[in-house]
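Worksheet: the structure to be examined is printed underneath.
Counting starts at 1 for both ligands and their atoms, in listed order. In this chain, numbering begins with 1 at the start of the sequence shown.
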Amino acid sequence: MNLSIEYSVSIQHIVQRYKPLRVNETMAHLLIKFGGGLITNKDKMMSANREAINNLAKTTSILLAQNHHVTIVHGAGSFGHLKAKKMRLALGADGSILNQQIAAVSEVRNDMELLNSIICQSLAENGSKTKSHPPSIWANGTGPDFEGDLTRFSKIDPNSINITFGDVVDCNEPKKFGILSGDDLMVRIAKEIEGISHVVFLLGDTEGVMTAPPNDPKAELIDTWKIGDVLQGLHQGEMDVTGGIFLKVNSAELIAQSVNDVWLIDGRKPERVIDLIENGVTIGTRVTA
Ligand code: IP8
């Protein structure tokens with residue numbers, strides 16, 4: 001028997017088995033928004049879309065197994081927008097219904113923590129640990145200029161994903177409270193945390209930005225959106241308390257000023273995120289400067 005051949009074959013086998021994935025490639029750091037309309041059934045109070053969440057968790061675990069970093073922001077969907085709309089929380093304190101509003105502020109915060117725990121549990125079941133950062137405890141004010149210490153997102157632990165979400169936050173007087181959208185968190189994290197290479201908004205009901213509202217049969221996917229392009233049509237059905245597709249496009253434009261790969265992708269097909277990382281392109285709308 002030729003021992004040297006057998007030895008070299010078995011070593012090769014070991015090397016192949018344990019060869020780190022993507023030896024020569026730069027790892028990506030993805031900032032991903034799980035849209036509220038994707039992870040919840042939007043019209044049904046506090047109804048999580050567990051199948052969509054599980055698919056997102058699987059995709060996340062694939063990205064981590066490929067040694068990429070992932071930071072997650074998620075929306076509110078039916079865990080936030082319905083009560084927030086009814087109690088007009090986005091407009092701040094209203095003396096005529098203040099007591100009900102104050103009760104609703106803590107209810108919505110609890111509901112958002114519950115949604116976050118459902119997502120974290122699904123991520124854990126798929127092998128990904130998480131560290132949650134509820135904005136109600138560290139952020140003040142609404143819109144992309146909110147105040148709060150974002151350095152919490154620069155502590156990157158390869159074994160644990162930083163995760164945050166749209167929330168009811170405290171605001172200065174006279175407003176007292178307001179709604180900080182996950183889209184605004186996306187803008188600030190993308191701009192201020194070093195090393196974010198890809199920013200992805202995962203949507204619940206559309207392939208990306210469309211030429212008309214997604215339920216219009218004439219709607220077509222816009223594959224490249226340049227800063228300053230204008231949305232045609234009213235897209236009224238997509239409005240929620242934080243602004244729907246308009247806020248997403250606007251936030252993506254702000255991010256595209258400093259990050260190269262900014263995408264709006266169909267979250268019902270999260271494998272497209274893997275496709276983007278592996279091939280540099282996928283089906284969706286890329287927002288460019
Ligand atoms: O869904 C809204 O966050 P978004 C947060 O990311 C609440 O816009 C509580 C309605």
> Where's the contact between V108 and ligand 1, heavy-atom distance under 4.0 Å: side chain, backbone, both or neither?
Replying inline: side chain
> Among P135, G35, A76, whose heavy atom sits nearest atom 7 (C) of ligand 1?
Replying inline: A76
> Does the pair E207/R272 count as a salt bridge with the N-to-O cut at 4.0 Å?
Replying inline: yes
> Which heavy atom in K218 sits nearest to a heavy atom in D216, and how many Å separate them?
Replying inline: N-OD1, 2.8 Å
>> Could you check whether S128 and N126, counting side-chain N and O atoms only, form a donor-acceptor pair closer than 3.5 Å?
In response: no
> Starting from atom 8 (O) of ligand 1, which protein heavy atom do you reach first, and at what distance in Å?
Replying inline: T242 OG1, 2.6 Å
>> Give the atom numbers and elements of ligand 1 that come within less than 4.0 Å of a heavy atom of S181.
In response: 3 (O), 4 (P), 6 (O), 8 (O)
> What atoms in ligand 1 come closer than 4.0 Å to a heavy atom of G80?
Replying inline: 10 (C)
>> Does any N or O of ligand 1 fall below 3.5 Å from an N or O anywhere on K33, backbone included?
In response: yes
>> Counting C-beta onward and ignoring hydrogens, is there a side-chain heavy-atom pair between H68 and L30 closer than 4.5 Å?
In response: yes
>> Tell me whether L247 shares a hydrophobic cluster with F34, the cluster being built from Ile, Leu, Val, Met, Phe, Trp, Tyr side chains joined at under 4.5 Å.
In response: no
>> Students often mix this up, so state it plainly: with edges at 30° and 60°, are the rings of H74 and F165 parallel, tilted or perpendicular?
In response: parallel
> Of all the heavy atoms in G36, does at least one lie under 4.0 Å from an atom in ligand 1?
Replying inline: no
>> Below 3.5 Å, N or O to N or O, backbone or side chain included: is there any such pair between G182 and ligand 1?
In response: yes
> Which residue owns the protein heavy atom closest to atom 2 (C) of ligand 1, what's the atom, and how far is it?
Replying inline: H81 NE2, 3.6 Å
> Are R286 and D223 within salt-bridge range, i.e. N to O under 4.0 Å?
Replying inline: no
>> If I compare all heavy atoms of T285 with all of V209, which pair ends up nearest, and what's the gap?
In response: OG1-N, 2.7 Å
> Relative to the heavy atoms of G166, which atoms of ligand 1 are at a distance of less than 4.0 Å?
Replying inline: 3 (O), 5 (C)
> Atoms of ligand 1 less than 4.0 Å from I179 heavy atoms?
Replying inline: 2 (C), 5 (C), 7 (C), 10 (C)
